[in-house]
Number of protein chains: 2
Amino acid sequence: MASIKDVAAEAGVSVATVSRVLNDHPSVSEDARTRVLAAVQTLGYRPNAVARSLRTDQTRTLGLVISDVLNPYFTELARSVEEEARALGYSVIIGNADERPDLQDHHVRTLLDRRIDGLLVSPTDGGSPGMLDAARAGTPMVFVDRWIAGVDVPVVRADGRAAVRDLVAHLHGLGHRRLAIIAGPAATTTGSERVEAFREALAEYGIPLPDVYIGQGDFQAESGRRVTEGFLDLPEPPEVVFAADNLMALGALDAIRARGLRVPEDIALAAFDDIPWFVHTDPPITAIAQPTGELGRAAVRALIDRIEGRPPRSVTLPAHLVVRRSCGEPAPLPHSPVTNRSKS
Amino acid sequence: MASIKDVAAEAGVSVATVSRVLNDHPSVSEDARTRVLAAVQTLGYRPNAVARSLRTDQTRTLGLVISDVLNPYFTELARSVEEEARALGYSVIIGNADERPDLQDHHVRTLLDRRIDGLLVSPTDGGSPGMLDAARAGTPMVFVDRWIAGVDVPVVRADGRAAVRDLVAHLHGLGHRRLAIIAGPAATTTGSERVEAFREALAEYGIPLPDVYIGQGDFQAESGRRVTEGFLDLPEPPEVVFAADNLMALGALDAIRARGLRVPEDIALAAFDDIPWFVHTDPPITAIAQPTGELGRAAVRALIDRIEGRPPRSVTLPAHLVVRRSCGEPAPLPHSPVTNRSKS
DNA sequence: CTGAAAGCGCTTACAG
DNA sequence: CTGAAAGCGCTTACAG
């Protein structure tokens, strides 16, 4: 691979001059510029980003540590992050934590070792040691979607409270009174906040949220299945299951279907996070949609502000309810009346 | 951030010695080793990967350029790639081409500039200039899923021919005779191969594949919608639509539903690539499943073999048919008999 | 406008 | 076993 020395030799100038034309430095003669450019052409020269980074102490790279690449929500987030970063002249390296704190830590460390300029993270838990260290060490950092309290890092996220309230109103209007939730890990903000929002919304209707109706999931499909089975085994199973993310909703559907039950006739289902497939599931699933693309872009802007010395701002955007048929409305076709469980 | 010099000073040795203990070089006294390790501890020292890479001329990083992150198939592929790479001591940087040759080129260039040790690519088209250059320049490279003819690069992919034959047998057995396909870009191998496999399988039953039954898509949902609308507008619309990937199947469903038609009563649907949601769509979708995880792992192994000087091998794994209900079997419940289109 | 030189943080022959 | 020194490929004051 040709190096800057080769280009300098080919163009008959010093490496300093080559570097200057490559970096658009103003004081370069027109003659030198054209000769360097020609040499770059003939040699097919591309600057070594590793060397440049070592010298300038910046990589123009952002790290993004997400909780689960297999979750369409994060994959969409990742896409918008990369897009905005690219538009602003940065690359992004994604680390997938798979909802595992140890893996999250692995990626944070690796990313920091590579000297990324800043870190975007959606923490998997209360904060793995490596992440906390990074935050304390002053690494430019922004939390997206999930965040950690007590750490001085800007947060870009969606507020689902109003949407959850709308959801509960919708469910209440349909006559549902026994509502359960499949929660995410309590150590994660989206895990606990969604439960709290749900509890508060229920309280407005005088409906309690008993512990047996709070299933502990981990945002992955398998946990949705397990928790739902537990709900269905209850002496008084819930009429509605609200999954705190789309993957656990998938697991819930698996469990419900395995029992030969139907949605929404036997049990209603709603999910946090909307995905294109929810339109085509049987039945279409009522969900709370986040402005995912906006979140990703805002997070990148905040992080780059921080990196480039401008004051970063936290951003909170509203989520909204998308009503479909999985909770019982609008009066689904009354097919296959034989069910073994009925609403209260 | 502490550098190797700081550690050396703290431990009272030279930087060479620090480097040796960090790299497990045998000739270091026990005493020096413990002092260095202690210094590393107290300073929270982490080696600068950028400097190390510049010096050793290796980054222990693999580049993965995929066609579309929003496609669950690629996201699963990416996950298995990262997993296997991590197990073998490598990191991976993902570049998302969004099915755009120009973006693919951007990522290949950026990755090469970063001096990744090897490149895994699922080419978006016949080969963008940057990619071809890289292959010719001898960059360690392996094609996954899609490949480019005439380039001497190992290929790790699935062979869907047998599965497509099984699919056609299944469709023929259900009485379908007018079968259409939503193809991927002809410039991509999976785009053309799937059409050819389909055509050959149909030929075995004496069924032709007229041009009007070949819709040109680009592997993204919107094209599936557009092509399907075209099919439905035909004087003699097909009885079956086979989408060459899951995203175009999603678009097809959107289009079918927009017309108020039902699957499979009015039109059957099958897809290449299986995803968890296909179990829960209305109706569950018959699909051809690839051994995605295996492909990702095999591709990483081949690439690392190449990087580390061992002869890499191309790998072809079989895909298989997963029959569900979207093509008409097993005799779906006869609900809502009022349809405006019937089978031949 | 231009070049020689220092230096970013490492690793690794080389000499001892 | 250990350290001084060179060098990876760049960028950037500094001097001219």
Side-chain angles (χ1 to χ4, degrees), chain A residues 1-37 39-40 43-61 89 91 109-117 137, chain B residues 1-37 39-40 43-61 89 91 109-117 137:
Chain A
M1 214 147 229
S3 85
I4 197 173
K5 272 190 199 162
D6 303 313
V7 177
E10 172 82 15
V13 297
S14 72
V15 297
T17 298
V18 175
S19 177
R20 288 197 190 93
V21 350
L22 259 23
N23 293 291
D24 284 318
H25 187 98
S27 50
V28 183
S29 67
E30 206 37 58
D31 175 53
R33 179 179 310 278
T34 50
R35 268 159 50 216
V36 167
L37 260 18
V40 165
L43 295 177
Y45 171 73
R46 302 234 86 211
N48 182 330
V50 174
R52 190 191 295 230
S53 292
L54 178 61
R55 179 55 228 245
T56 61
D57 200 33
Q58 58 168 358
T59 51
R60 295 206 67 94
T61 300
S91 295
R109 289 232 161 78
T110 305
L111 257 10
L112 257 26
D113 287 351
R114 282 167 188 287
R115 300 300 190 265
I116 45 139
D117 294 339
Chain B
M1 210 149 229
S3 84
I4 196 171
K5 272 190 198 162
D6 302 314
V7 177
E10 173 80 17
V13 297
S14 71
V15 296
T17 297
V18 174
S19 178
R20 287 197 191 92
V21 349
L22 259 25
N23 293 290
D24 284 318
H25 188 98
S27 48
V28 183
S29 68
E30 205 38 58
D31 175 54
R33 179 179 310 280
T34 51
R35 267 158 53 217
V36 167
L37 259 18
V40 164
L43 295 177
Y45 171 73
R46 301 235 87 211
N48 181 330
V50 174
R52 191 193 296 235
S53 292
L54 178 60
R55 178 58 227 242
T56 61
D57 200 34
Q58 57 169 1
T59 51
R60 295 206 68 92
T61 301
S91 295
R109 289 232 160 77
T110 305
L111 257 10
L112 257 25
D113 287 350
R114 284 168 186 286
R115 299 302 192 264
I116 45 139
D117 294 339

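Because only heavy atoms are used, hydrogens play no part in the values below, and waters and symmetry mates are left out as well, while side chains stay in. Residue numbers start from 1 in every chain, and the chains themselves are labelled A, B, ... in the order their sequence lines are given, proteins ahead of strands.
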Judged by nearest nucleotide, the residue sitting upstream toward the 5' end of DNA chain D, A/Leu22 or B/Thr17, is B/Thr17
If you look at every strand shown and take non-hydrogen atoms under 4.0 Å, does B/Ser19 touch a base, only sugar-phosphate, or nothing?
base
Side chain to side chain donor-acceptor pair (under 3.5 Å) pairs touching residues 48-59 of chain A, sequence neighbours excluded, are A/Asn23-A/Arg52, A/Thr59-A/Asp117
Listed pairs under 3.5 Å, donor-acceptor, residues 2-11 of chain B side chains, sequence neighbours left out:
| unit_1 | atom_1 | unit_2 | atom_2 | d |
| --- | --- | --- | --- | --- |
| B/Ser3 | OG | B/Lys5 | N | 3.1 |
| B/Asp6 | OD2 | B/Ser3 | N | 2.7 |

Side chains of A/Arg114 and A/Val50: closer than 4.5 Å at any heavy-atom pair? no
| said: In whole Å, measure the gap between the C1' atoms of D/dT12 and D/dG16 for me. | reply: 16 Å
Its 5'-most and 3'-most nucleotides having an atom under 4.0 Å from a non-hydrogen atom of chain B, DNA chain D is contacted over D/dC1 to D/dG9
dist B/Arg46:CZ -> B/Met1:CE (nearest 0.5 Å) comes out at 9.0 Å
Checking N1-N3 plus N6-O4 or O6-N4 for Watson-Crick, or N1-O2 and O6-N3 for wobble, each under 3.5 Å, the partner of D/dT2 is C/dA15
| query | Taking 4.0 angstrom as the limit, do A/Arg109 and A/Asp113 come out as a salt bridge? | reply | no
* Measure the shortest side-chain to side-chain distance between A/Val13 and A/Arg35 over non-hydrogen atoms and say whether it is less than 4.5 angstrom. => yes
Nearest-nucleotide check on DNA chain D, A/Asn48 vs B/Ser27; residue mapping nearer the 5' end is B/Ser27
